[in-house]
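Contents: one structure, followed by commentary.
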2 protein chains.
Amino acid sequence: MRQVTIYDIAKEAEVSISTVSRVLNDTAPVKGSTRAKIEELIQKYNFQPNAMARSLLKQETGIIGVIVPDLTNPFFPEVFAGAEHEAQQSGHTFLLSNSIGDYAKESEYLSIMREKRVDGIMFLGGRINLRHCEEHLVQELVQCASVIPTVLVNGGLRNTDLIRVATDESAGTALAVRHLIELGHTEIGFIGGESNMTTTSIKLRAFRKAMKDAELEVREEWMLPDSFSIDSGKRQMLNLLAMKERPTAVFCVNDYTAIGVIKAGVEAGLSIPDDMSVVGFDDIPLAHHFIPELTTVSQQAHELGRTAVKVLKAMMSNEKVKKLTSLEPQLVVRQSSGAPMR
Amino acid sequence: MRQVTIYDIAKEAEVSISTVSRVLNDTAPVKGSTRAKIEELIQKYNFQPNAMARSLLKQETGIIGVIVPDLTNPFFPEVFAGAEHEAQQSGHTFLLSNSIGDYAKESEYLSIMREKRVDGIMFLGGRINLRHCEEHLVQELVQCASVIPTVLVNGGLRNTDLIRVATDESAGTALAVRHLIELGHTEIGFIGGESNMTTTSIKLRAFRKAMKDAELEVREEWMLPDSFSIDSGKRQMLNLLAMKERPTAVFCVNDYTAIGVIKAGVEAGLSIPDDMSVVGFDDIPLAHHFIPELTTVSQQAHELGRTAVKVLKAMMSNEKVKKLTSLEPQLVVRQSSGAPMR
DNA sequence: GCAATAGGTGAAATGCATTACATACCAAGT
DNA sequence: ACTTGGTATGTAATGCATTTCACCTATTGC
């Protein structure tokens with residue numbers, strides 16, 4: 001059934017559409033009796049003005065497009081919740097797309113968002129690094145950013161000047177590694193993360209630097225990037241377990257891989273943290289419910305989402321925004337990193 | 001900066017907008033040279049037709065509105081992923097809203113979706129039961145359903161005939177309880193779930209029936225609905241632990257509460273499943289990574305999402321759909337329910 | 001008593017793409 | 001030579017709400 005339009009209301013109230021519009025938006029005085037009649041009809045037909053017609057004219061949709069790599073990883077819903085929280089006040093809603101790390105999909109979604117004239121774009125996950133196959137995505141992203149306020153959340157992009165909001169993952173990594181070192185560990189591994197992702201490369205670099213700063217050797221066979229899933233943690237832990245020598249502690253790129261590592265360790269008969277210390281990254285809600293509780297680096301996911309939307313809103317109202325808004329991560333010490341080594 | 005429109009392209013190509021439109025949609029033959037020139041300009045300006053203008057005319061937006069109670073609970077992202085999977089082919093995208101169980105928000109979002117003229121609505125979580133405060137939400141939902149294809153996912157609503165897609169949670173509960181009984185348990189508790197939610201009442205009823213069928217007594221002090229969070233599981237487990245007599249097994253309304261129960265148990269020095277058997281519901285991805293691995297009832301979340309969108313698409317093309325599409329849950333026996341009692 | 005102002009309302013332009021209808025051209029068929 | 005039909009393209013209507021401009025009526029001030 002066709003929905004009721006402003007014309008239907010106007011006709012039945014025997015006024016022009018302008019008058020109905022005035023009642024709707026309260027933009028000009030309307031006679032009490034006329035207003036009453038119109039309001040009654042609006043009520044009666046449960047009339048909702050067509051947002052598209054309005055958007056077409058106003059040149060704004062009230063929609064923010066969000067692209068996340070994997071909503072199934074609890075980190076992202078947290079960010080999203082933060083974003084939603086901030087968007088609440090301004091009445092923005094979200095067009096959400098899950099790219100599951102598929103470059104083609106990501107640029108396709110981006111183009112759909114441009115088509116739909118979203119008011120802003122939030123691109124999460126930063127699975128970007130200039131490699132040939134991603135050329136197109138990068139191009140599309142830059143294209144989008146030139147017409148639509150766009151922020152990159154936790155993901156940089158070399159040779160472009162897109163606005164970014166990000167946790168200082170480098171500092172976070174240093175925090176985690178230093179914590180392990182302070183506990184007495186000298187043999188530390190690195191697990192998880194697709195190597196072509198910004199976040200992975202940042203963490204890898206920071207890891208190496210922290211080790212170097214402590215004058216510790218980085219053992220290349222213990223550097224095991226993979227992906228961000230629980231299974232990748234398991235897989236790499238199994239690899240580690242098969243080695244003659246293994247580290248006494250591992251740094252994991254996120255909590256999901258940390259959970260995988262612990263799980264595989266426990267299945268192999270290890271006790272975590274007694275036989276191996278594990279730290280994660282993100283502080284997903286589950287981190288402090290897992291057994292053992294995860295020592296991890298909190299990204300303040302909620303805040304990250306909020307900030308991203310704040311920046312987006314500032315851009316929408318043509319305010320100047322910083323090229324990079326950085327959030328400080330925090331080390332959350334719990335059980336999985338264990339006690340100081342004797 | 002204003003985006004390029006079809007008029008801009010037409011002007012520069014020295015043709016009418018219809019011709020440009022024809023090139024865009026390939027709806028009629030266009031002379032090779034003209035087409036080439038237009039295509040070149042489209043490329044040059046990276047022109048994307050305005051989806052709103054098109055939607056306004058076509059009376060469809062290509063958007064499906066989704067309302068989930070809590071994206072932070074891993075069950076929902078799974079459902080969403082399934083929905084997205086199915087929507088891929090038809091090119092639908094999602095307007096997603098997180099209601100966090102707030103009735104006011106839910107009906108507000110519903111009204112926004114109506115305003116935005118989404119092509120379909122997927123309402124998850126079924127936090128509905130006719131109580132006074134929810135009157136408005138119910139009304140809004142029925143209102144929506146009368147103009148927009150709408151499906152309720154895992155949530156019924158008395159006295160209405162909204163289309164539903166749901167796991168047979170009743171059968172699932174029976175599966176879980178019977179499993180515990182078969183293991184030799186006779187003293188079984190029930191934990192979690194807000195009592196005004198459809199899913200909770202279904203599970204409560206099914207639980208009682210399963211107990212009765214086995215001629216077991218339901219101990220009212222062990223019936224502990226609360227909410228769906230990990231913390232509610234913890235909280236109720238603590239209540240249980242404070243009792244003089246406690247059950248040897250508990251059925252939890254979802255995996256999150258089960259995790260809370262186990263966690264609180266372990267913290268209190270119990271060993272799960274040796275000291276108490278625990279079964280959950282949903283089979284979230286983490287269920288088989290948790291320590292101990294969760295025995296749970298799989299809802300086939302992904303399939304649920306897919307099915308919901310399938311039904312929605314059928315409704316959009318005016319096909320007749322069943323009032324209720326039911327999915328069979330499956331018991332997944334893992335560690336947390338333990339071995340048969342001696 | 002007349003201008004100025006405020007209240008109340010309608011007509012028409014606007015935003016942008018799609019599409020039915022109209023028109024123009026050219027080649028083939030009778 | 002004239003109809004027929006395909007190809008190629010333009011004009012105008014359409015979808016729906018907002019907003020500017022114009023206009024009318026009734027008051028208020030001087």
Side-chain angles (χ1 to χ4, degrees), chain A residues 1-39 41-42 45-63 111-112 114-119 147-148, chain B residues 1-39 41-42 45-63 111-112 114-119 147-148:
Chain A
M1 315 113 253
R2 199 177 118 279
Q3 297 220 28
V4 175
T5 73
I6 199 170
Y7 288 90
D8 301 320
I9 303 286
K11 192 194 258 181
E12 192 160 339
E14 296 175 304
V15 294
S16 74
I17 55 165
S18 343
T19 304
V20 178
S21 176
R22 282 190 266 265
V23 170
L24 240 31
N25 303 289
D26 206 26
T27 49
V30 173
K31 194 164 71 170
S33 62
T34 314
R35 156 166 261 128
K37 196 196 291 177
I38 292 173
E39 275 170 350
L41 288 168
I42 289 175
Y45 291 112
N46 217 292
F47 168 66
Q48 289 276 58
N50 185 322
M52 275 170 312
R54 173 186 279 149
S55 299
L56 194 55
L57 202 60
K58 290 274 197 75
Q59 301 276 48
E60 61 178 50
T61 52
I63 299 177
S111 119
I112 289 178
R114 206 144 59 86
E115 213 179 291
K116 298 226 192 290
R117 301 295 191 267
V118 296
D119 293 341
V147 280
I148 300 173
Chain B
M1 321 107 256
R2 200 176 117 279
Q3 297 220 28
V4 175
T5 73
I6 198 171
Y7 287 91
D8 301 319
I9 303 288
K11 193 194 257 180
E12 191 160 339
E14 296 173 302
V15 295
S16 75
I17 55 166
S18 352
T19 304
V20 179
S21 176
R22 283 190 264 265
V23 171
L24 242 29
N25 303 289
D26 206 26
T27 49
V30 173
K31 193 162 70 172
S33 62
T34 315
R35 155 166 262 126
K37 196 196 292 176
I38 292 173
E39 274 170 351
L41 289 168
I42 289 175
Y45 291 112
N46 215 292
F47 168 66
Q48 288 277 58
N50 185 323
M52 275 171 310
R54 173 187 278 147
S55 298
L56 194 55
L57 202 61
K58 289 275 195 76
Q59 301 277 47
E60 62 178 49
T61 53
I63 299 177
S111 120
I112 289 178
R114 206 143 59 84
E115 214 179 292
K116 298 228 192 289
R117 302 294 192 266
V118 297
D119 293 342
V147 281
I148 301 173

A:Lys31 has an atom NZ; how far is it from atom C1' of C:dA6, in whole Å?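 The distance from NZ of A:Lys31 to C1' of C:dA6 comes to 15 Å, rounded to the nearest Å.
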Using atom NZ of A:Lys11 as one end and atom P of C:dG10 as the other, report the distance to the nearest whole Å.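 Roughly 15 Å, once rounded to whole Å.
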Which part of the nucleic acid, if any, lies within reach of [X] when heavy atoms closer than 4.0 Å are counted: base, sugar-phosphate only, or nothing?
| X | result |
| --- | --- |
| A:Thr5 | sugar-phosphate |
| B:Val20 | nothing |
| B:Thr19 | sugar-phosphate |
| A:Ser18 | base |

Smallest separation among heavy atoms of A:Ala13 and A:Ile38, with atom names: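 The pair with the smallest heavy-atom distance is CB-CG1, 4.0 Å.
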Shortest non-hydrogen contact from B:Lys116 toward B:Thr61: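 Reported closest heavy-atom pair: O-CG2, 3.6 Å.
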Here's a test of your reading of the structure: between A:Arg22 and A:Tyr7, which maps to the more 5' nucleotide of DNA chain D?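 Its nucleotide being nearer the 5' end, the pick is A:Tyr7.
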Quick check on DNA chain D: between B:Ile17 and B:Gln59, whose nearest nucleotide comes earlier from the 5' end?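 It is B:Ile17 whose nearest nucleotide is closer to the 5' end.
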Atom pair [atom1]/[atom2] of [X] and [Y] - distance to nearest 0.5 Å:
| X | Y | atom1 | atom2 | answer |
| --- | --- | --- | --- | --- |
| A:Thr5 | A:Ile17 | OG1 | CD1 | 9.0 Å |
| B:Ile6 | B:Ile9 | CD1 | CD1 | 8.5 Å |
| A:Asn50 | B:Met52 | CG | CE | 10.5 Å |
| B:Asp8 | B:Gln3 | CG | CD | 11.0 Å |
| A:Ile148 | A:Arg114 | CD1 | CZ | 7.0 Å |

Kindly say whether A:Ser111 contributes a backbone atom to a donor-acceptor pair with the side chain of B:Gln48 at under 3.5 angstrom?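 Yes, because the side chain of B:Gln48 sits within donor-acceptor range (under 3.5 Å) of the backbone of A:Ser111.
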Short question: side chain of A:Ser55, backbone of A:Ala51 - any donor-acceptor pair under 3.5 Å?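 Yes, because the side chain of A:Ser55 sits within donor-acceptor range (under 3.5 Å) of the backbone of A:Ala51.
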Need two values: the first and the last nucleotide of DNA chain D, 5' to 3', having an atom under 4.0 Å from any heavy-atom of chain B.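 Going 5' to 3' along DNA chain D, contacts run D:dA8 to D:dC16.
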Does a nitrogen or oxygen in the side chain of B:Asn25 sit under 4.0 Å from OP1 or OP2 of C:dA17?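 No.
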Residues touching DNA chain C, which here means a heavy atom under 4.0 Å, drawn from residues 48-58 of chain A: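 Under 4.0 Å from DNA chain C: A:Ala53, A:Leu56, A:Leu57.
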